[in-house]
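To start, the structure itself, in C-alpha cells.
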Amino acid sequence: MSRMLEASDITHAYTAGVPVLRGISLTLEPGTILYLLGRNGCGKTTLMQCLSGALKPTSGQIALDGRDIHTYTSTERAQRIGLIPQLHTPAFAYTVREMILMGRAPHLGLFGTPSKADYVVADDALASVGLAHYRDRPYTQLSGGERQLVLIARGLAQQCRVLLMDEPDSHLDLNNQQRVMEIVARLAAEGLSFIVTSHVPNNALTYAHRVLLMKAGRALSYGDPAYTLTELLLSEAYDMETEVIYETAGGSRTARAILPKRRAS
Amino acid sequence: MKWLLRFVFALILSLTVSVVSAQDAPFTIQADDVLQPAVAALYEAKYGAAPVFADADADLLATRDRAVLPADFVGAPPHFLPDAFFVTESQQAAEFVEFAVSPDGQQALIDAGFLPASITVIDQVGNVVEIPQPVRRVITAYSIATYLVYGVGASDRLVSAGYLGARDPVGAARMEAIDPRFPEVSSVVISQTEINVEQVAELQPDVIFTSTRAAWLDTVAELRIPVVLFQGESPERMKESMLLAGQVFGPNAAAQAAAWVDYYDSIFSQVVDQTDDLSAEQRPRVLMVGTEPLRVISGDMYQTDIIAAAGGQSVTAELTGFWNDVNLEQIVLWNPDTIIIVPYGNVTPETLINSPEWQIIPAVQNGQVYKMPSWVAPWDAPVPDSVLGIIWLAQKLFPGRVELDCAAEAVTFFNVFYGHAIPQDEIAAVCAS
Amino acid sequence: MRVVTLRRVWTAAGTRIGGRDLVYAGLLLLPFVLMIATLMIGLYGISIENVTRALLSPVFPGLADGLSQTEITLVLRIRLPRVLSAVLIGAALASTGVAFQGIFKNPLVDSNLLGVTSGAGFGAALALLIGGTTIVVQGFAFGFGLLAVSLAYLGSRLYSTAPMIVLTLMGILIGSFFGSLTSLMKYIADPLNTLPAITFWLLGGLTGVTWNSVPILALLTVLGSFFLWLVRWRLNILSLGDAEAATLGMNPNRLKLSIIVCATLMTAAAVAVGGVIGWIGLVIPHAGRIIVGPDHKRLIPASLALGASFLLLIDTVSRTLLPTEVPIGILTGLIGVPLLIVLLRRNRTGW
C-alpha cells in the first residue's frame, strides 16, 4: 500500500526496433513529488503517457496500488490518477467552477450531472488552491498561473491520489512558478503524490523528493535530488557544462542552484 | 429589216428556252410581270434553266392576290416574297415551292436582289439585332421559343432546342411524330442558366433565341452571334414574339407568323365576344396552381390574361413577379370557384381532392378542379398552342356558352401551324379531360 | 486518505436562485407560450376563443359546436402541424448545432459539417426527378442524409491518425460531392416540371407541412433531444479534446460517435420535412451561450428552447406577413441578425 505507482523495466517503441523508452523503473510513494528531467525528446512525455495508462508500453509492468494499471477501467484509473495538461485555451469560455466540476467525471455516470455534493467538492478544491473568489470568472480570462492552479484544483476535485503534471512551470513567470509549486508542495504534504515533468531543474532542486534524470530514453540517474542533481549528471543529461551552487550551513551542504557554465569563446 | 432581225432573234431564243424547259420542268407557271423575274431567279437556282410561264391553267400560280384562296382558308400559303405566294396542286411544283421557301431559295432571291442580305430586328427588350440572311441554323436556349420556331414553320432550321412538355414518353412520342428530327435536335440542350460557349460555337448557329432571363448573354456576345430575346408574358407580347420569330426566318415565316396572329385574334375575339358582357360577379374566380399545390401564378404572367380572356378572373392577379408560394389560409381567403392546375408537374386534381386539408376549399368540394391538358407544349404558357388553352378554359368555365370545339380547333391548329395531323380521337380525349 | 476535506466555505449550486436562473427557466417556457400565441395568428382571422375551442375539440367534442369546418381544419390540420414542425425542426437544428460545436471544439460549425444536408438535398432532388410523392421525397432526403454522413465516417476510418480532422475533411468532401450531384440533378431536370420543385425544396420552408410529416420528425427529435439531454454535461468534457477527456476517465470516441449518429438522425429528419434551413444550427448555439453560458448542462436545454422559439417566430412571420409566403432564408437573416447583435451587446464573457 505504500507504493502507489510502480513502474518496472518499461520499454516502449512506437516503431518496432526504435525504442524511445528503455528499461525505466520507478516507484512513487504517497506524499512525494517526483520530477522527470531531461532534454527535449528524451522520452519524458512518452513515460508520462505510459504512467497515466493512456499508452501501453511494449514491455514492462506498471502497477497502480499493486495491480496492473491496464486491468483498471478508464473510469477506475481516472479515480486514481489525474493528469494536469499543459496550459491551453478551450474553445468555450467555461467558468472556473465549471472547469473544476469536470474533474468529477470519473465519479459520475455517463448520463449523470454534478450533484450538490460535487459542487461542494469542486468549491473546496478551488479554495484549497486559493482561488475561491474566482469561482464564476471565465477560465479563458485567467492568467497562466491562475489557469494552472484551476487545473490543479480540477485534479483535486477528481479526488485521485496521483497527479501527473506536464510542464507546470512553462509559460509562467518566477512568481507564478513559485505560487503553483508551493501549492503542489503543500498538497504533497497532505498526502497527494505528484509526477512533474519540467525544464526548470532549479524547481526540482527546490521541490522534488525524487528525480528521474533521463537521457535518450534511459534513466541516467534516479533517486534523491542530492544524488541525482549533480554537476556531473546534469552535464551529461543536458549535454552541456553545468554548475551547482551549494549552501553550507551547520555542517550540512545543500544544493541551492543549478547554473549553466559560460562556454569558452 | 432591223425590226425583223430582232424578231427572229427573239423567236429563236424563246424556242431554245422552251425546248430546254420542256425537258427539265414538266410544269408551267403563271405569274404577272412583276413577279416573273423573282420566280425565274428561283427557277434558275433550282433547275439551272428558265421557267415556262403560262397565262392560264398553269401548274403553279405565283400571286399577290389572297382572293385566289378559298374563303375558309386558315393559315398562310407558302410565301417566297413578303407579299407573294405560290398556289399549286402539282407534285412536281410542290417540290419547287418547298425549295422556294427553304434557306436555299431565300439565298437565290438574295443573290438576285429580291430579298435583303441582312435584316435588322428589334427584340422584346428593345435590342437592335442585325441578322444576316438566310438563317439556316438556330439554337433555342429557351424552350418556349422552340415552339415559336415551329409555329412560323421554320423547325427544319433548329440545331439545338429545349422542348417543354416533351420530357415524358408520351410527350416525346408526340413530338417525334410532329418532327422526326426531334431526338437529334433535343440531344444537345442549351439552358437559360448555363452555357458551354465552345459547344455553342461548334453548333455554328446563325442566331440564338433565348429569354430575357438568360444568364450568359455577355459570354455569348463574344462569339458575335446574333441573340434575340423573347418575353411574351401577355397576349400582345405573345403576338409580338411570333412576329419577331417570323421576321428572322424570311418571308414565308413572317407570313406564317402573321397568319397565326390572325388565327389567335379570331379565336380570342370569338371567346371574348361571348364572355365580354359578363359582370364581375358572373366571372368565376379562378386559382391557377403550378408544380406545387401551394404555388400560384402572379398577375404579371400570361396565364392571368388567358383566364381573363376565357371569362374568368384570376384570384392571384394582385401578386407580382413569377410563381408565388402561398399557404392554405390565403387560399381560403381568396375563395376560388375553380382551380386550374398547369399541364406540367406532378400535381393532379386527385392531389387536392384526396387531401383532407383542401376539403375546406369549396371548389375542391364541388369538384371544380381541373388539370389543363396539352399536346406537347403547355397550353398555359406563351406558346402558339396557348390558343387552344383559351378555348379549353372557356369551355370549362362556361360549358356550352363558347361555341368553339377544342378538338376540332386543335386538329386545324396542328395541321396549319405544325403541318401535322394529330389523331382525332386522342385529341378529343385530351380536350375532354 | 482524503485529500480534499469537505469544508463548506462557498455556497454550492442550487442553493441560491439568481437572475440567471430565472432567465433560464423563462427560456424553457418560451416555446410553449409562443406555440399557444402563434396558433392564434393566421391570414384567415379566427378569434382566440374559436381557436381555443377548435384546439380542445378533439378532447371535448362539444366545443366544436358553432365552429365552421374551415376554422377547425385550419387550426387542427394546417396551423397545428406547422407550428409543431417549426418547434421540432428549430429545436433539432439548434441542439445538434450545439452538440457538433462541442464535439468538434469549434464554435463555427453546425450539424451539416459531415454533409447530412447536402446528402438530403441530393436525395430529395433525385426523388423529385423520378417523380416521387411527398413521402418518397422525405424518405430519400432522410436516407441520403444518413448515407452522406456514413460515407464521411467510413472514409475517415481509412486513416488511423487524427480521426476527427480527417472526419471533418471527409464530411466537407462528401458534402461538396453531393452538392455537385444536386447541381447535376438540377441540370438534367425538366426546367418546367422538376426544376422548380427541386429549387423550392432546396430553399427550405414549411409551406406544405401537414400531419403526414410530423410523426417521424417528432419521434426522432424527441428521442434525439432526450439523448443529447442525457449526455449534456459530458459535452463539456468532450469539448476539451480527446486527450483530456480520456484522463477524466472517458472513452471519447464511442460517445462522440453516438452523438454524431443521434444528431445526424435528427438533422436528417428536420431537413427531410423543412428542406434546407440554414443559420439556426450555427447561430442559435451562440445566442444560447450568451444567455445561459457555455455549460452544456444548461446550453442543451436552452438551445432546444431557443431554436424552437426562433424558428416558430420566423415561420409565423413567414406565413402571416404577406399573402405569399416569405422565404424563411430571408427572415432568418433579417430578424436573426439584429436579435443576435442585441444579445452580443449584453455579452460580457465571449465564448
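Numbered from 1 within each chain, the chains take letters A, B, ... in sequence-line order.
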OG1 (B/Thr291) and CG (C/Leu195) are apart, to the nearest 0.5 Å, by 9.5 Å

**OP:** Count the heavy atoms of every other residue, nucleotide or ligand shown that sit under 6.0 Å from OH of B/Tyr370, and state whether that count exceeds 12.
**Re:** yes

Those residues at least two apart in sequence (or on a different chain) that pass salt bridge (Lys or Arg N to Asp or Glu O under 4.0 Å) with C/Asp315 are C/Arg82

Distance col, row C/Thr73:OG1 vs B/Leu328:CG, nearest 0.5 angstrom, shows 9.0 Å

Under 4.5 Å to a heavy atom of chain C? For B/Glu292 that would be side chain

Between C/Pro323 and B/Val326 the two heavy atoms that sit nearest each other are O-CG1, 3.7 Å

The reported gap from CG in C/Leu128 to CG in B/Asn346 (rounded to nearest 0.5 angstrom) is 8.0 Å

Original post:
Taking B/Glu329 for the side chain and C/Leu43 for the main chain, is one N or O donor matched with an acceptor at less than 3.5 Å?
Top reply: yes

Okay, C/Ile188 and chain B: the region with an atom under 4.5 Å from a heavy atom over there is backbone

Looking only at B/Thr351, B/Val342, B/Asn324, most heavy-atom pairs under 4.5 Å shared with chain C are made by B/Asn324

Mark yes when over 12 heavy atoms from residues, nucleotides or ligands other than B/Glu350 sit less than 6.0 Å from its CD; otherwise mark no. yes

Rounded to the nearest 0.5 angstrom, the CH2-CD distance for C/Trp211 and B/Glu357 is 10.5 Å

Rounding to 0.5 Å, atoms CD (C/Gln69) and CD (B/Gln359) come to a distance of 9.5 Å

request  = Assess whether atom CD1 of C/Ile216 is packed by more than 12 heavy atoms of other residues, nucleotides or ligands within 6.0 Å.
outcome  = no

Taking side chain as C-beta onward, heavy atoms only, is C/Leu74 less than 4.5 Å from B/Val332?
yes

Answer whether the closest heavy-atom distance between the side chains of C/Ile78 and B/Asn327 falls below 4.5 Å.
no

dist B/Leu319:CG -> C/Leu322:CG (nearest 0.5 Å) comes out at 10.0 Å

